[in-house]
Amino acid sequence: MTMRNNPLLAGAALGVLAAVALGAAAQAQELSTAWKGAPEFSNDDVKFKVRGRILVDGVYEDVDRETGTDFTARQVRGRQVFLGVEGQLNSQWAYKIEGGWVNGGTPSWDDVVIEYKPTENISLMAGNLKVASLENLTSTRFTSFMDRGPFADVTDASYTLGVVGKYVSNSNWSAALGVTGGSINDADVATGNGVTDAEERLGVTGRFTYAPIVTDTDKLHLGVWGRYRDAGSEAFTYQARPNTNYGARYVSTGAFAQADTTYAAELAWVHNSISVQGEYAMINAEGLTAVSPKKANADIKTGYAFVSWFPTGESRNYDVKKAEFGRQKVLNPTTAGGTGALELLARYDYADLTDAHNLPAPGVIGAAGEYTGYTLGANYYPFPYVKFMANYTAGKNDNPAAGSDVDVNVFQLRAQLDF
């Protein structure tokens, strides 16, 4: 399940072909245009839109080691520069493809999705996609903090190649089931970890959500999800950065598990301009059989909680159908002579890998520790397609190996535009 050899050129070609096809269809019928950050062209059930994003970050990090050299680091970088297309071929078939550069590295794919909707309530998708976790499913364009934190790192529920079926009821609940492998950007797997055949990882994920309260002033989201994964010839590692995509990870199990089972819960509540959100996951990780004697199972735990407040009166934009948060609405955008929207936030993050350390030899893992982080944030939205962000995180990495604790303070800024 890989895509190499200049994948972004293939995406650009797809966009050109889609535009040509739309133009040909428009010759016989009237073409309409709507503005959604960029022009969206439509013709009855046919739609086409160019999409993209630019995220520019400035990061300052202060690292205080229990033993060893303390240091500071600073960097200005292109966190994400993406370009893509999305559209509908008719009332049942749709597509989305987007890729670009992350932190100035090699170009890679993000969303690459073909969707078939036989009915209004049923969706069947194939491609590079996500299945579960409220913050994970919420686009990076719309998340409240600059990075998703250790919960996303440890659960590793991001983009994977696979198929997903989803049912959205008219009573504010949804159910999704996905079968996935590795990412579309991964190289082919080779033999390893005692497996004689080259086997890609394989997982099955299910998610159920329910919104029992949906009013103009209040929205309540409840969700649960579970996943079973087999690593095949690979191995699962559980690790976390201190609420930033920059710098090192100071808690990690290393290559640890041949399989794992995850149970997770989601909660979000929006009341006028105040909202709270949190998730918690427990992962039962099955130690590698290639290590003799076999490592025992370990229970990995991680979670987060945060509160958000708009002193300018806005509410976070919860999408009941998607069971995730969408583009922020601004009551008084600067494009209409207003002052924009201001959001203030506070967050707590937690990851506990210590059970992987507390195992019989050779399962003594000195960096399989515990991370706690406290983050303050502020977001300013001049209008819905532009956002400026500031985050300050005080993180503590408490590791079982003597002298290996690390305190990390991170200050980050972001300028973001998407269309």
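Values below: all heavy atoms of this structure, side chains included; hydrogens, waters and symmetry mates excluded. Along the sequence shown, residues are numbered consecutively beginning with 1.
The ring-ring contact (aromatic ring centres under 6.0 Å, His included) search around F306 returns F145, not counting sequence neighbours. Qualifying ring-ring contact (aromatic ring centres under 6.0 Å, His included) partners for W309, counting only residues two or more places apart in sequence or in other chains: none. Take S91 and apply the side-chain hydrogen bond (donor to acceptor under 3.5 Å, both in side chains) test, not counting sequence neighbours, and it matches no residue. With sequence neighbours excluded, the residues that form a ring-ring contact (aromatic ring centres under 6.0 Å, His included) with F325 are Y318. With sequence neighbours left out, the salt bridge (charged side-chain N to carboxylate O under 4.0 Å, His left out) criterion links K329 to no other residue. By the salt bridge (charged side-chain N to carboxylate O under 4.0 Å, His left out) test, R327 pairs with D418, sequence neighbours left out. Not counting sequence neighbours, F82 has no partner by the ring-ring contact (aromatic ring centres under 6.0 Å, His included) test. Among residues two or more places apart in sequence or in another chain, the salt bridge (charged side-chain N to carboxylate O under 4.0 Å, His left out) test is passed with R227 by none. Under the salt bridge (charged side-chain N to carboxylate O under 4.0 Å, His left out) criterion, R207 pairs with E266, sequence neighbours left out. Every side chain to side chain contact (heavy atoms under 4.5 Å, CB included) that D218 has, sequence neighbours left out, goes to I213, T215, W269, H271.
Note on residues 168-190: pairs passing ring-ring contact (aromatic ring centres under 6.0 Å, His included), not counting sequence neighbours, are Y167-W173, W173-F208. Legend: side-chain hydrogen bond (donor to acceptor under 3.5 Å, both in side chains) pairs involving residues 55-68, not counting sequence neighbours, sorted by first then second residue: D57-R414.
Both tests do not hold together for K396 against Y371: distance to the six-membered ring centre under 6.0 Å, angle to the ring axis within 45°.
Using a 4.0 Å cut-off between charged side-chain N and carboxylate O, D186 and R201 make no salt bridge. No salt bridge links E115 with K96; every basic N to acidic carboxylate O contact stays at or beyond 4.0 Å. Here R241 does not pair with D147 in a salt bridge; the nearest charged N to carboxylate O distance is not below 4.0 Å.
Neither side chain, T143 nor T138, offers a donor N or O lying under 3.5 Å from an acceptor on the other.
The only member of L376, V410, T375 that meets side-chain contact (heavy atoms from CB on, under 4.5 Å) when paired with N391 is T375.
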